[in-house]
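For reference, the structure is listed below as structure tokens.
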There are 2 protein chains.
Amino acid sequence: MNEDTNPHISIDCVIFGFDFEKLNVLLLERRLEHEDPSIAFCDQSLVGQHIKLKESLDDAAARILFETTGLTNIYLEQFYAFGAPDRLNKERAKIWLKSIGRDPAVQVITIGYFSLVNTNTVQVSYNPRHASWCDVKKVENLAFDHDQILKKGLEALRLKIKSEPIAFELLPQKFTLSQLQKLYEVVLDINIDKRNFRKKALQSDYIVALSEKQKDVLHKPAQLFMFSREIYKATKKEDFSFNFK
Amino acid sequence: MNEDTNPHISIDCVIFGFDFEKLNVLLLERRLEHEDPSIAFCDQSLVGQHIKLKESLDDAAARILFETTGLTNIYLEQFYAFGAPDRLNKERAKIWLKSIGRDPAVQVITIGYFSLVNTNTVQVSYNPRHASWCDVKKVENLAFDHDQILKKGLEALRLKIKSEPIAFELLPQKFTLSQLQKLYEVVLDINIDKRNFRKKALQSDYIVALSEKQKDVLHKPAQLFMFSREIYKATKKEDFSFNFK
DNA sequence: CTGATAAGGTGTCATAATAACACTAATATT
DNA sequence: AATATTAGTGTTATTATGACACCTTATCAG
């Protein structure tokens, strides 16, 4: 571990991405090579690192996100701190920590952040450790306590997306209403009536219709829209809401 | 600092109390005696301590709450982690930390918890440091970064009280509808129409009318009610809500 | 060029939730 | 007996929600 690293505090980022079909999370491969094949293993973890000395939590989260994806100016939000003394005590975790020169007996508190990106904008190959997008509904058996962190991060995203206009962080700048609807459907794991959804979306002033249509699509092209943060700020009456049954 | 204390991680508890008139927060006096009166000072802080080695965050928060108030089985909820490297760098903070034998240069991450109690149930004299209830609307100039922690804790309480039945944690077991309404009003800093409030409260099954009335009150005595967690759990359709304009 | 495929786009109505609003009732105190 | 203080109560207009089905516009295959 580096000289200027704080060994007691880490950040784990739940990086959510939307590919117009499902909600994904960016996972890193954790591969332990060993001559004894009963010890070697390969599984996956969230994106995480220790913070540096004198580094704020937000700065650390942004740095880690940048070092993993090459992205800056990304939506990032802290959602929970995990500090169970046994959170690094799984057998594999101990083997792994020793293999990278860390003492498994040191209690590490990790702060969970979630971040939102459009899947297409991320160069998965950016990171030296193999990174890949995985359907959040299918993820399991992550390293350490990362299953629990992912679960809590997803709950935080669901709560937040119902009360603030963060859905647009997961979409490209120009999007169709069907894409926006699909996004709410996969994030909240619900079905939404198309006509009711469009009615509600269109009566907001901050989802602005462009005089432009989808291209290169094998059916009737849809109208494109943009989210205007300026209009949102200027018109919000204190309550954003996107509740559908 | 104790041998078994983790010097890197602390907990700060925003202990909210309701006295039927306003929302209070429990603060501890921070008094530094010094022969030079320009150095001596006395101000206030939230309730906080470092965690112990091998102690979980939730356990630490419950322990600190108990050690300060003598209370157990109290509603406690983690809301945010604070880790700015300069969060203990106010001049007074440095003097204070040195006076109690701690190194102000060590970065301490603190995890914020809020807890809810009925003001009357707390023996303020329990703690050796002078503790007192203060109107949250009037609190300012707290020690360290505690103003910021209180602000964030209050936001968390406001968010939570609108979507989960935690208001009852701030009331005695038997309460009147006017008390419940007043609680929502002071927590959310809004006015609520009495008839609309009562209509909504009474159409829930889990606020149960008792065949008992207020006593020792100098006006028409009000009917008493209880919150039934069993009925709440059995009947909730996934959405608790208390939204009033 | 025609038919198949695939998603885009549109309106009405019934029900439920919200918000505005003012007077009488019951108790304790003087 | 009068006063002070809070408890308690219904109606109506407006708005939001939820259920529901068909035609349109483009590409592609033959």
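Note on naming: letters A, B, ... go to the chains in the order of the sequence lines (proteins, then strands), and numbering restarts at 1 for each one.
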When you check the phosphate oxygens OP1 and OP2 of D/dG8, does a side-chain N or O of B/Arg198 lie under 4.0 Å from one of them?
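B/Arg198 to D/dG8 OP1/OP2: side-chain N or O found under 4.0 Å.
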Verdict with supporting geometry, B/Phe20 and B/Leu171, side-chain contact (heavy atoms from CB on, under 4.5 Å)
CA-CA 8 Å; B/Phe20 303 122; B/Leu171 289 167; 4.0 Å; yes
In whole Å, I'd like the distance from the [atom1] atom of [X] to the [atom2] atom of [N].
{"X": "A/Phe197", "N": "D/dA19", "atom1": "CZ", "atom2": "P", "value": "16 Å"}
{"X": "A/Gln181", "N": "C/dG9", "atom1": "CD", "atom2": "P", "value": "12 Å"}
{"X": "A/Lys162", "N": "D/dT17", "atom1": "NZ", "atom2": "P", "value": "13 Å"}
{"X": "A/Gln214", "N": "C/dG8", "atom1": "CD", "atom2": "P", "value": "7 Å"}
{"X": "A/Ile192", "N": "C/dG8", "atom1": "CD1", "atom2": "P", "value": "14 Å"}
{"X": "A/Leu180", "N": "C/dG8", "atom1": "CG", "atom2": "C1'", "value": "15 Å"}
{"X": "A/His219", "N": "C/dA4", "atom1": "NE2", "atom2": "C1'", "value": "15 Å"}
{"X": "A/Asp193", "N": "C/dT15", "atom1": "CG", "atom2": "P", "value": "18 Å"}

Hey, what do you get for OH (A/Tyr184) to CD1 (A/Ile192), rounding to the nearest 0.5 Å?
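Here the rounded value is 8.5 Å.
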When you get a sec, tell me which of [options] is the closest nucleotide to the side chain of [X]?
{"X": "A/Arg195", "options": "C/dA22, D/dC20, D/dT24", "answer": "D/dC20"}
{"X": "B/Ser178", "options": "D/dA7, D/dG8, C/dA22", "answer": "D/dA7"}
{"X": "B/Lys220", "options": "D/dG8, C/dG8, D/dT27", "answer": "D/dG8"}

Check against side-chain hydrogen bond (donor to acceptor under 3.5 Å, both in side chains), A/Thr235 and A/Asp205:
CA-CA 8 Å; A/Thr235 60; A/Asp205 292 317; 4.8 Å; no
Dump the pairs, protein N or O against N or O of nucleotides 11-16 of chain D, anything under 3.5 Å, distances to one decimal.
from, atom 1, to, atom 2, distance (Å)
D/dT11, O4, B/Lys199, NZ, 3.2

Between A/Lys194 and A/Lys213, which residue's closest nucleotide on DNA chain D lies nearer the 5′ terminus?
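Closest to the 5' end, via its nearest nucleotide, is A/Lys194.
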Any salt bridge between A/Arg129 and A/Glu67, counting N to O under 4.0 Å?
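Between A/Glu67 and A/Arg129 there is no salt bridge, as every charged N stays at least 4.0 Å from the carboxylate O atoms.
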So what does A/Gln223 hit on the nucleic acid, given a heavy-atom distance under 4.0 Å: a base, only sugar-phosphate, or nothing?
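Sugar-phosphate contact only - A/Gln223 comes under 4.0 Å of backbone atoms but never of a base.
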Can you confirm whether or not the ring centre of B/Phe175 sits under 6.0 Å from the ring centre of B/Phe227?
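That pair fails the under 6.0 Å test.
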Steps toward side-chain contact (heavy atoms from CB on, under 4.5 Å) verdict (A/Gln44, A/His146)
CA-CA 9 Å; A/Gln44 295 182 298; A/His146 289 188; over 6 Å; no
Show which side-chain atoms of residues 208-219 of chain A pair as donor or acceptor with protein atoms under 3.5 Å away, not counting sequence neighbours.
from, atom 1, to, atom 2, distance (Å)
A/Glu212, OE1, A/Lys174, NZ, 3.0
A/Glu212, OE2, A/Lys174, NZ, 3.3
A/Gln214, OE1, A/Ala222, N, 3.0

